[in-house]
Novice: 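To start, I am sharing the structure in question, which I have written as structure tokens.
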Number of protein chains: 4
Amino acid sequence: MMNRVVLVGRLTKDPDLRYTPSGVAVATFTLAVNRAFTNQQGDREADFINCVVWRRPAENVANFLKKGSLAGVDGRVQTRSYDNQEGKRVYVTEVNAESVQFLEPKNATSSQSGGNYSGNQGNQDYRGNQGNYGNQGNNFGQNQPQEKNQNNQNYSRVDKDPFSNDGQPIDISDDDLPF
Amino acid sequence: MMNRVVLVGRLTKDPDLRYTPSGVAVATFTLAVNRAFTNQQGDREADFINCVVWRRPAENVANFLKKGSLAGVDGRVQTRSYDNQEGKRVYVTEVNAESVQFLEPKNATSSQSGGNYSGNQGNQDYRGNQGNYGNQGNNFGQNQPQEKNQNNQNYSRVDKDPFSNDGQPIDISDDDLPF
Amino acid sequence: MMNRVVLVGRLTKDPDLRYTPSGVAVATFTLAVNRAFTNQQGDREADFINCVVWRRPAENVANFLKKGSLAGVDGRVQTRSYDNQEGKRVYVTEVNAESVQFLEPKNATSSQSGGNYSGNQGNQDYRGNQGNYGNQGNNFGQNQPQEKNQNNQNYSRVDKDPFSNDGQPIDISDDDLPF
Amino acid sequence: MMNRVVLVGRLTKDPDLRYTPSGVAVATFTLAVNRAFTNQQGDREADFINCVVWRRPAENVANFLKKGSLAGVDGRVQTRSYDNQEGKRVYVTEVNAESVQFLEPKNATSSQSGGNYSGNQGNQDYRGNQGNYGNQGNNFGQNQPQEKNQNNQNYSRVDKDPFSNDGQPIDISDDDLPF
DNA sequence: TTTT
DNA sequence: TTTT
């Protein structure tokens, strides 16, 4: 089967970075993607699309993107469900970002060249360099200049729905890792 | 901004065709898209992605696809929200299918060549050339052979969330048309 | 069948705008898209992808993009062939851009909000609603501030291969219109 | 930058499988993708898009696809150039297939469930299982039933342009590996 | 014939 | 050099 999404939009808020109990980074953010057309009232709407990104690119996203950043996402549409606090099954559709592209030019946040935070399709892995997957051809590892002040939390258990992180952390474990 | 999705999967149920008060066709269906990889337990999961399609292609979908049909979708990710019966705001992410491709070969349902039901990607054009929009190079208008028996309803008001059509039709009007 | 391409990259040169004998605008440009990974020598390469765009969006491209501009393209891969001056058949693969997104932020060339030049994705609609096709929700018609100085030619016959416009205009007629 | 292509079409010929001097599998094939719309003469054309796929998925393609097979490709547009026999530089645009999806249902060639030959974004690689990358969740490794009779060649040097394999093998070495 |  |  096939499943591919490409988005370009702006972060509605700073990304949210967390770690699974076993230490895997997960970042979530919402992209506002303005529609190309206007509605019947003549105004342009936007779609607000929830995105998840894992591991190294998650950390890059947390470090280099913030509210308002222009970013591109290449990934897959994913669905999951969980039982909310009222015991009702909730269905969630979101985008699993395999790579996130920073499109804020030269000036913004920090990166001097427009970074590419590629995710789990990592080519160089084939040559055996375990450990820095997702770090494809950019040098974020070496020089991470002036990182954003980040209030990223380190839960031992994080909210099942990373977008509604209303405090009570629940039950996303490593089982939710997409690999 | 950019927003593009391509999916290939199978319908989880027969598509649901409805009409807005002003007579515009809307079909909804869910595509099961098997993932290319297995989870930690070693089994292959699927994503269940809700899709909406409008106008002529909606009718083609209703006529030529059914539960289990293999179909391709080219469209956009869209989000909307509505207030449910408990007065709580519900956020929905779904795929607006601009074109739907029938991938069931020769034999199945009916179409002899694999039809392409192209949708509303030329949005502003729709007002005024009623009748052959979306009918791009296929001949579904002329020969719709052995249509599926269809129980499609014709509400004057349809459910705000077309995927949870639990009977009580609410408040989707022409305002929900994406053009 | 399905055919979808999404690209983000930079123009290698100013776009080239021409007109068919019947007055239809065609712009061509090449996008340099840097690869996410490095080659065996450790350096990052780029793909140089030829793009074609028709009608109103063609004019927008010519007016608002220039060498080095960051742009997004949503379109289809297309192939054609022609006989070159030695009578040899030449096969060409390029991207037909249905919409072009200007991603140069606020400052650059002109546009204040990042325009979206949507193209010919509603093909059959074009006959008859001349004039505002492709102008989806942006206001380029009204305010085209400080247009680039443009040396766009108006051939009565343009080169069959718009990317090798080596002077001798040949044989692209309206037959090459993708609709 | 971003670069994503999704195609569904039919193979115009049996795929061509070769090996680089160092033993890496490369398959090439051309997808005929029918256009959704008709040209001015009213007939439906097709695009003939050259595709390349590497390693394990290359072998799967060679084993399970043949002329006429319906297949989906998820990959990137790539460009390269080489000097032909007349010493003239030739520019090539093709699709690097990261994953290839077999869409021929139940009956055809062999596979009983519609295989997914995923390419070099292989998730399970992250856990260290070198050697069977690209084999994502399908079981082609174990049961490759009734393989097609294949005349696949094993050049020590293969043609620089894998699509014009006119006999004289030239100069594609491991340098052409996209990783 | 390539962009930052 | 094109597929159903």
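Only this structure's heavy atoms are used, side chains among them; waters, hydrogens and symmetry mates stay out. Just so we're on the same page: letters track the sequence lines, and every chain starts at 1.
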Novice: Tell me: NZ of Lys13(C) to P of dT4(E), nearest whole Å?
Specialist: 14 Å
Novice: What nucleotide among dT1(E), dT3(E), dT2(F) has an atom nearest to a side-chain atom of Phe48(C)?
Specialist: dT3(E)
Novice: Could you tell me how far apart Arg10(C) (CZ) and dT1(E) (P) are, to the nearest whole angstrom?
Specialist: 23 Å
Novice: In whole angstrom, give the distance that lies between atom CG of Asp16(C) and atom C1' of dT3(E).
Specialist: 17 Å
Novice: Picking from dT4(E), dT2(F), dT2(E), which would you name as closest to the side chain of Asn50(D)?
Specialist: dT2(F)
Novice: What is the separation between atom CE on Met1(C) and atom P on dT4(F), rounded to the nearest whole Å?
Specialist: 9 Å
Novice: Whole Å only: how far is the CZ atom of Arg35(D) from the C1' atom of dT3(F)?
Specialist: 14 Å
Novice: Return the value, rounded to whole Å, for the distance between atom CG of Leu103(B) and atom C1' of dT4(F).
Specialist: 12 Å
Novice: In this structure, how many angstroms lie between the P atom of dT2(E) and the CG atom of Leu65(C), rounded?
Specialist: 21 Å
Novice: Nearest whole Å is fine: how far is dT4(E) P from Leu70(C) CG?
Specialist: 11 Å
Novice: By nearest atom, which of the nucleotides dT1(E), dT3(F), dT3(E) is closest to the Arg89(D) side chain?
Specialist: dT1(E)
Novice: Of the candidate nucleotides dT1(F), dT4(E), dT3(F), which contains the atom at the shortest distance from the side chain of Tyr91(C)?
Specialist: dT1(F)
Novice: Reckon Gly9(C) touches a base, only the sugar-phosphate, or nothing at all at heavy-atom distances under 4.0 Å?
Specialist: nothing
Novice: Got Val6(B) and Met2(C) here, is their nearest side-chain heavy-atom distance under 4.5 Å?
Specialist: yes
Novice: Going by heavy atoms in the side chains, are Asn50(C) and Thr30(C) under 4.5 Å from each other?
Specialist: yes
Novice: Quick check: do Phe102(B) and Val100(B) have side-chain heavy atoms less than 4.5 Å from each other?
Specialist: no
Novice: Taking side-chain contact (heavy atoms from CB on, under 4.5 Å) as the definition, give me every residue that meets it alongside Asp47(D), ordered by chain and number, with sequence neighbours left out.
Specialist: Asn3(C), Arg76(C), Gln78(C), Thr79(C), Arg35(D), Ile49(D)
